[in-house]
Amino acid sequence: MRGPHNLFRLVRAGSTFERTGAMNYALEKLEAPLSIRIALRIIGWPFKLLGIKGEPDLPPVARALTALGPAYIKLGQNLSTRPDIVGDEFSNELQILLDRLPPFSDEEAKRTIRKELGQDVDELFSEFSPPVAAASVAQVHRARVRSSGREVAVKILRPGIERVIRRDIDAFYFTARFIEFFLPATRRLHPTDVIRYFENIILAEIDLRLEASAVAEHFANTSGDKGFSVPSLVWELSARRVMTLDWVDGIPLTDPEALRKQGVDFDDLARRIVQSFLRHALRDGFFHADLHPGNLMVVPDGSLLALDYGITGRIDDYTRRVYAEILFGFIRRDYDRVARVHFEAGYVPRGQDINAFSQALRSVGEPIFGQDATRISMGRLLRHLFDVTERFGMETRTELLLLQKTMVVVEGVARSLNPNLNIWETAKPVVEQYIKDNVGPKAIVRDAARTLEILSRFGPRVPMIIEEGLNRERDGPQQSQAPRSNAETAITWFSIGVIAVVLVLLLADLI
């Protein structure tokens with residue numbers, strides 16, 4: 001599949017941008033140099049007719065992206081949340097990609113329900129509306145369950161979406177390998193590994209059983225969070241290509257005028273979006289990773305509700321601590337600490353100068369502090385940060401890609417509500433609470449308890465392991481037994497140590 005035929009797909013993508021007028025429009029909005037604009041127009045014009053016409057009623061870039069398919073739509077959705085990078089006008093035009101894409105027919109939706117749930121729509125639901133929202137991968141219908149009267153939202157995958165997604169991924173792999181071959185300097189960024197990482201995410205997005213599981217897990221994790229909510233799942237009406245949730249009335253973030261009329265405090269809402277994301281990532285290690293405005297709404301009680309759990313992310317305990325330490329260091333403007341954490345975690349290759357790295361981090365962080373957020377160019381800041389990673393030979397950490405991408409999107413959404421938001425001050429209370437709970441004496445005790453819990457599983461084997469270890473020490477190398485592994489040695493002496501501590505505590509209590 002990943003052969004040269006993908007070159008045609010790349011040419012067609014460029015031709016589609018040319019044919020829809022998106023190429024020139026986008027380059028003007030992004031203020032690209034005139035020389036680049038002229039060169040791309042000259043190159044693209046001969047291939048113009050190879051491009052897809054798209055929906056003529058859509059703005060140029062949205063028209064091109066929707067014509068090219070789901071993967072390109074995802075790109076446009078992310079850019080729509082970054083007016084600080086692409087400009088307010090361009091950002092507003094791209095927001096049409098969030099939840100207002102052309103739907104597929106009701107007949108297709110009903111066929112999918114029949115195939116997946118084994119019953120006709122009329123048998124399952126007393127009411128079933130036309131699509132109320134249509135996105136790149138699926139669309140949503142409002143319905144009422146016939147047996148219970150429960151009002152629900154039914155999410156149904158687009159017909160043939162699996163084939164389309166795999167085709168786009170195939171082209172992206174070809175592009176990544178093409179870039180790696182002709183631009184060796186990009187290999188440190190591991191383009192192919194990046195595509196492989198996102199392939200797993202995207203393929204999970206088109207299996208609604210996995211999304212249903214993510215909804216249930218996030219619902220359980222956040223049930224006690226004030227000001228944040230997750231819709232309840234209807235398991236018996238969910239399958240691979242259909243998922244059913246409780247219907248929730250609310251105002252999406254894509255309708256700021258309606259939010260203003262309801263008296264929503266935009267500054268408070270922006271703060272809650274950032275803090276909720278950080279709390280879920282750090283506290284739970286599990287977070288919603290597609291938090292664009294089309295997936296967020298404000299419900300009648302004022303809570304922020306997140307929809308569409310097709311893309312979620314996880315980070316392990318160790319990575320959470322590293323991430324929190326880095327954020328905490330930036331918040332405190334302690335660049336030596338940030339540099340030290342990077343080196344300890346292995347994010348910076350050995351042989352690099354830690355003091356020089358700290359100085360480089362200062363050059364990234366200092367321009368942010370004390371500045372009005374409206375005067376900070378995130379585009380320039382990101383370019384500077386990229387220059388730093390290149391200078392110190394830092395490689396892409398695929399386990400952090402989704403976290404970093406979501407953080408960028410979350411910041412963009414929050415800034416669209418409050419352009420003056422200070423992202424560091426907003427993050428500070430959540431990060432400080434995490435540091436307090438997970439770095440220090442409390443964390444040491446918890447880690448020790450977890451270690452003892454793991455050791456307890458070897459309980460029945462401990463006497464035998466100790467006896468074998470002591471016999472080997474006594475008999476020496478004359479015995480023709482297999483040599484002990486490092487794990488056996490560690491367990492032996494750790495077990496002896498634990499038993500010794502327990503005996504001392506018992507004796508102390510007896511005395």
Side-chain angles (χ1 to χ4, degrees), residues 189-190 193-194 197-198 201 217-218 221-222 225 228 271-291 311-349 352 354 357-358 360-362 364-365 368-369 378 381-382 384-386 388-389 392 394-414 421-440 442-444 446-447 450:
L189 301 176
H190 302 296
D193 290 343
V194 171
Y197 180 73
F198 279 105
I201 294 168
E217 182 174 353
H218 209 227
N221 289 344
T222 63
D225 288 5
F228 185 89
R271 176 186 57 80
R272 275 192 286 152
I273 289 170
V274 173
Q275 292 186 347
S276 293
F277 163 71
L278 285 173
R279 188 174 295 113
H280 303 155
L282 294 176
R283 181 194 65 195
D284 307 326
F286 182 70
F287 58 93
H288 191 305
D290 198 16
L291 290 172
I311 303 178
T312 53
R314 292 186 187 275
I315 45 177
D316 58 40
D317 287 345
Y318 176 73
T319 304
R320 276 186 263 168
R321 292 188 191 183
V322 170
Y323 182 61
E325 287 267 22
I326 290 171
L327 286 176
F328 192 62
F330 268 114
I331 290 169
R332 293 288 186 90
R333 300 166 80 169
D334 186 348
Y335 302 106
D336 289 341
R337 179 178 187 169
V338 176
R340 189 169 60 252
V341 171
H342 274 82
F343 273 77
E344 289 171 355
Y347 292 172
V348 182
Q352 295 288 351
I354 190 171
F357 185 64
S358 174
L361 291 174
R362 186 181 298 275
V364 174
I368 298 174
F369 295 100
M378 285 305 298
L381 183 67
L382 290 170
H384 188 174
L385 188 57
F386 184 83
V388 169
T389 64
F392 288 89
M394 296 171 64
E395 298 187 348
T396 297
R397 310 290 302 195
T398 53
E399 73 272 21
L400 294 177
L401 280 176
L402 198 57
L403 180 71
Q404 293 165 345
K405 170 259 183 189
T406 309
M407 187 69 232
V408 169
V409 172
V410 165
E411 184 193 9
V413 174
L421 180 75
N422 186 317
I423 193 73
W424 299 111
E425 286 301 317
T426 304
K428 188 175 181 179
V430 178
V431 177
E432 285 185 337
Q433 185 62 49
Y434 177 84
I435 292 291
K436 179 181 177 181
D437 293 341
N438 294 276
V439 180
K442 188 186 294 185
I444 293 172
R446 187 170 59 250
D447 289 346
R450 191 175 302 166

Inset, instruction - Quick one: closest heavy-atom pair of G313 and A289, and the distance? - result: N-CB, 4.0 Å
Inset, instruction - Please tell me if the side chains of F343 and Q352 come closer than 4.5 Å, counting only heavy atoms from C-beta onward. - result: yes
Inset, instruction - Tell me, with the steps shown, if F286 and T312 meet side chain to side chain contact (heavy atoms under 4.5 Å, CB included). - result: CA-CA 7 Å; F286 182 70; T312 53; 3.7 Å; yes
Legend entry - Heavy-atom side-chain contact between D290 and H288 under 4.5 Å: yes
Inset, instruction - Output the distance between atom CD1 (I315) and atom CZ (R320), rounded to the nearest 0.5 Å. - result: 6.5 Å
Inset, instruction - Return the minimal non-hydrogen interatomic distance between S358 and D336, and the atom names on each side. - result: OG-OD1, 2.6 Å
Legend entry - Minimum heavy-atom distance V348-F392, with the two atoms named: CG1-O, 4.3 Å
Inset, instruction - Drop me the distance from K428's NZ to N422's CG, to the nearest 0.5 angstrom. - result: 10.0 Å
Inset, instruction - Run the numbers on E325 and R337 for side chain to side chain contact (heavy atoms under 4.5 Å, CB included), then give the verdict. - result: CA-CA 8 Å; E325 287 267 22; R337 179 178 187 169; 2.5 Å; yes
Legend entry - Donor + acceptor pair across side chains of H218, D284 (<3.5 Å): no
Inset, instruction - Please round to the nearest 0.5 Å and tell me the distance separating atom CG of N438 and atom CG of D317. - result: 8.0 Å
Legend entry - K436 vs E432 side-chain heavy atoms within contact, under 4.5 Å: no
Inset, instruction - Walk me through it: do I326 and Y347 pass the test side chain to side chain contact (heavy atoms under 4.5 Å, CB included)? - result: CA-CA 12 Å; I326 290 171; Y347 292 172; 4.3 Å; yes
Legend entry - Among T222, D225, N221, side chain to side chain donor-acceptor pair (under 3.5 Å) partner for R283: D225
Inset, instruction - Flag the pair L403 / T319 as yes when at least one side-chain heavy-atom distance between them is below 4.5 Å, and no otherwise. - result: no
Inset, instruction - Supply the atom-to-atom distance T406 OG1 to L291 CG, rounded to the nearest 0.5 angstrom. - result: 6.5 Å
Inset, instruction - Mind running ring pair (Phe, Tyr, Trp, His ring centres under 6.0 Å) on F357 and H342 for me, showing each step along the way? - result: CA-CA 9 Å; F357 185 64; H342 274 82; 5.2 Å; yes
Legend entry - From L421 atom CG to R271 atom CZ, the distance as rounded to the nearest 0.5 Å: 10.0 Å
Legend entry - Beyond-backbone contact of R279 with F228, side-chain heavy atoms, under 4.5 angstrom: no
Legend entry - Candidate list V341, D334, I435, test side-chain contact (heavy atoms from CB on, under 4.5 Å), partner F328, passing option: I435
Legend entry - side chain to side chain contact (heavy atoms under 4.5 Å, CB included) between M407 and Y323, intermediate numbers included: CA-CA 12 Å; M407 187 69 232; Y323 182 61; 3.8 Å; yes
